[in-house]
Amino acid sequence: MKYSFESRVRFSEVDENAHLSLTAMINYLQDCATFHGEEGNVGVYWTAEHKKMWVLAALRLRIIAYPKFAEHIVTSTWAPGFRNFIGYRDFTIERPDGTRLVEGKSEWVFMDQQTGKPCDVTQDQIDGYGVDPELALPDCYGKRKIRVPKEYREGGSFTILESHLDTNHHVNNGQYMVMSQNYLPPGFEVRHLRAEYLKQAFLGDEILPCVTEKDGVYTVVLKNRNSGDIYFIGEFAG
C-alpha cells in the first residue's frame, strides 16, 4: 500500500541556498513512514501499546534535485517486503507533475522495547503497511554496508541532549545528519548519501566524530568517546 502526502517547502526547512536542507529531507521521509503506519493503524500509538518500535538500520539516497523554498512536493513511501525482523522501505520525493527529485531505499529493524532485541515482524504490521514488491526501486544506490576508514581526523566531542531525542528516547535519525553536516565543507552539496545506524545513542552519551575524505567523498563516523562503539556512519558524495 503506497502512501503519499503533499506539502510545501517551508522557510524553516531550507538552507542558505533556499533549498530543502538534508536534515529536513530526512525528516520528510521519516514523517512519511510514520504517517504510513498511522494510516494502517500500526504506527506510533500501536507500537507504544505493544512495546515495539521500528529502528532505522540503513538508508541510501540519490538526490536528483533539491526541492526549493515554497515548492510543492509529494513525498511517498511503500514497503517492498519484510523478512524476519527486517522491514524494507522505499521513498520518493516528487513534484506534483511527477518529476522525481529524490529517491532511495531503507532497511528498518523491528525491536522489542522491553528486551531491546530484534523480534519478528508481526502480521498486524505486515497487513497494516501492505507489501508491494512490484513497486521496488532498482537497487542501484551503492552497497548497504559502509567501510569504516582506518585513518581519520577527530572533531571535538559533544554530549547528547534532550533536544536530540525522539519518542523512542534515543537520538532521532535526522539529528545524525545535523551532527554529520558540521564536518562537511561549506557549500558542499550532497547528491548521494549512504547511512548506517548501528547503535542507539541516548541522553548523556558522549559522541566523538571521526571524518575522512577520499576523492571528494566524505565519511563521517559518530562513535562513543569512551567505548569506541559506533552509532552512525554516513557517506556523503557530490
Side-chain angles (χ1 to χ4, degrees), residues 1-9 13 20 22-48 50 52-67 71-111 118-145 166-168 172-174 176-177 190-197:
M1 178 180 66
K2 183 177 181 179
Y3 177 83
S4 303
F5 79 96
E6 298 180 8
S7 189
R8 193 178 188 187
V9 178
E13 298 171 331
L20 184 69
L22 187 59
T23 301
M25 184 183 296
I26 301 302
N27 286 337
Y28 266 94
L29 303 183
Q30 181 170 255
D31 288 344
C32 194
T34 55
F35 289 157
H36 191 190
E38 296 308 317
E39 191 75 8
N41 297 313
V42 290
V44 171
Y45 298 112
W46 187 99
T47 52
H50 292 81
K52 300 292 191 295
M53 62 181 175
W54 282 103
V55 176
L56 181 60
L59 176 66
R60 293 170 291 157
L61 292 182
R62 181 168 76 102
I63 303 169
I64 303 162
Y66 277 81
E71 188 169 15
H72 292 273
I73 57 174
V74 180
T75 307
S76 302
T77 189
W78 58 92
F82 298 87
R83 180 172 59 86
N84 300 328
F85 53 81
I86 300 292
Y88 300 93
R89 177 173 292 282
D90 290 357
F91 292 103
T92 59
I93 298 177
E94 299 175 323
R95 294 193 177 105
D97 65 4
T99 301
R100 186 161 296 178
L101 303 174
V102 180
E103 60 185 16
K105 305 181 77 68
S106 63
E107 296 180 15
W108 302 70
V109 177
F110 197 57
M111 303 279 290
C119 58
D120 285 348
V121 180
T122 65
Q123 193 61 46
D124 285 339
Q125 288 281 313
I126 296 172
D127 293 341
Y129 285 114
V131 183
D132 297 287
E134 71 282 358
L135 297 179
L137 295 172
D139 198 348
C140 58
Y141 308 100
K143 295 180 179 179
R144 178 198 180 283
K145 291 288 185 180
D166 60 19
T167 57
N168 291 321
N172 182 270
N173 300 321
Y176 290 105
M177 294 300 160
V190 178
R191 291 289 181 166
H192 299 272
L193 166 68
R194 293 195 299 153
E196 273 194 274
Y197 299 79

**Q** Are E196 and R144 side-chain neighbours, meaning at least one heavy-atom pair lies under 4.5 Å?
**A**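 In contact.
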**Q** Decide yes or no for P96 and E6: does some side-chain heavy atom of the first lie under 4.5 Å from some side-chain heavy atom of the second?
**A** no
**Q** D120 vs N84, test: side-chain contact (heavy atoms from CB on, under 4.5 Å). Steps then yes/no.
**A** CA-CA 5 Å; D120 285 348; N84 300 328; 4.0 Å; yes
**Q** CZ of R62 to CZ of R100: how many Å apart, nearest 0.5 Å?
**A** 8.5 Å
**Q** For D124 and T122, which I'm curious about, is there any donor-acceptor pair between the side chains at under 3.5 Å?
**A**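 No, because no side-chain N or O of D124 sits under 3.5 Å from a partner of the opposite role on T122.
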**Q** Would you tabulate the side-chain donor-acceptor contacts of residues 136-143 under 3.5 Å, counting partners in other chains and residues two or more places apart, or write 'none'?
**A**
| unit_1 | atom_1 | unit_2 | atom_2 | d |
| --- | --- | --- | --- | --- |
| D139 | OD1 | R60 | NH1 | 2.6 |
| D139 | OD1 | R60 | NH2 | 3.4 |
| Y141 | OH | E103 | OE2 | 3.2 |

**Q** Looking only at heavy atoms, which two atoms of A195 and M177 are closest? And how far apart?
**A**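 Taking every non-hydrogen atom into account, CB-CE, 4.1 Å.
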**Q** Taking all non-hydrogen atoms of both residues into account, name the closest pair between V190 and I63 and its distance.
**A**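 Of all heavy-atom pairs spanning V190 and I63, the closest is O-CD1, 3.5 Å.
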**Q** Using the ring pair (Phe, Tyr, Trp, His ring centres under 6.0 Å) criterion, which residues pair with H50? Sequence neighbours excluded.
**A** W46
**Q** Just how far is it from atom OG1 of T23 to atom CE of M25, taken to the nearest 0.5 Å?
**A** 10.0 Å
**Q** Heavy atoms, side chains only, cut-off 4.5 Å: are T75 and V102 in contact?
**A**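 No, too far: nothing below the 4.5 Å cut-off.
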**Q** Side-chain contact, heavy-atom cut-off 4.5 Å: I126 with V131?
**A** yes
**Q** Of all the heavy-atom pairs spanning G128 and M1, show the shortest one and how long it is.
**A** O-CE, 3.2 Å
**Q** Is there side-chain contact between Y3 and Y129, with at least one heavy-atom pair below 4.5 Å?
**A**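 The answer is no; the side chains never approach within 4.5 Å.
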**Q** Measure the CZ-CG distance between R191 and L193 for me, rounded to the nearest 0.5 Å.
**A** 13.0 Å
**Q** Would you say L29 and L61 make side-chain contact, with heavy atoms under 4.5 Å?
**A** yes
**Q** Working to the nearest 0.5 angstrom, can you tell me the gap between F91 CZ and C32 SG?
**A** 6.5 Å
**Q** In the structure I gave you, are the side-chain heavy atoms of N172 and N27 within less than 4.5 Å of one another anywhere?
**A**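 N172 vs N27: side chains touch.
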**Q** Quick one: pull up CD in Q30 and CG in N173 and give me the separation to the nearest 0.5 Å.
**A** 4.5 Å
**Q** Taking all non-hydrogen atoms of both residues into account, name the closest pair between V74 and S4 and its distance.
**A**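 V74 and S4 have their closest heavy atoms at CG1-CB, 4.0 Å.
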**Q** What residues form a ring pair (Phe, Tyr, Trp, His ring centres under 6.0 Å) with Y197, not counting sequence neighbours?
**A**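 Expected list: Y176, F232.
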**Q** Parallel under 30°, tilted from 30 to 60°, perpendicular over 60°: which one fits the rings of W54 and F110?
**A** tilted
**Q** Tell me, do W78 and T92 make a side-chain contact under 4.5 Å, heavy atoms counted?
**A**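 In short, these two side chains touch, coming nearer than 4.5 Å.
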**Q** How far apart are the closest heavy atoms of L56 and S106, and which atoms are they?
**A** CD1-CB, 4.0 Å
**Q** For the backbone of R89 and the side chain of W108, can you confirm whether one donor and one acceptor N or O come within less than 3.5 Å of each other?
**A** no
**Q** Nearest 0.5 angstrom please: E107 CD to L59 CG, how far?
**A**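 Interatomic distance, E107 CD to L59 CG, rounded to 0.5 Å: 10.5 Å.
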**Q** Mind checking what makes ring pair (Phe, Tyr, Trp, His ring centres under 6.0 Å) contact with F82, not counting sequence neighbours?
**A**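 None.
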**Q** Return the set of residues passing side-chain hydrogen bond (donor to acceptor under 3.5 Å, both in side chains) with E71 (not counting sequence neighbours), or none when no residue passes.
**A**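 Per chain and number, E71 pairs via side-chain hydrogen bond (donor to acceptor under 3.5 Å, both in side chains) with R95.
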**Q** Could you tell me which residues satisfy ring pair (Phe, Tyr, Trp, His ring centres under 6.0 Å) with F85, sequence neighbours excluded, listed by chain and number?
**A** none
**Q** What's the shortest heavy-atom distance between P67 and I73, and which atoms?
**A** CB-CG2, 3.9 Å
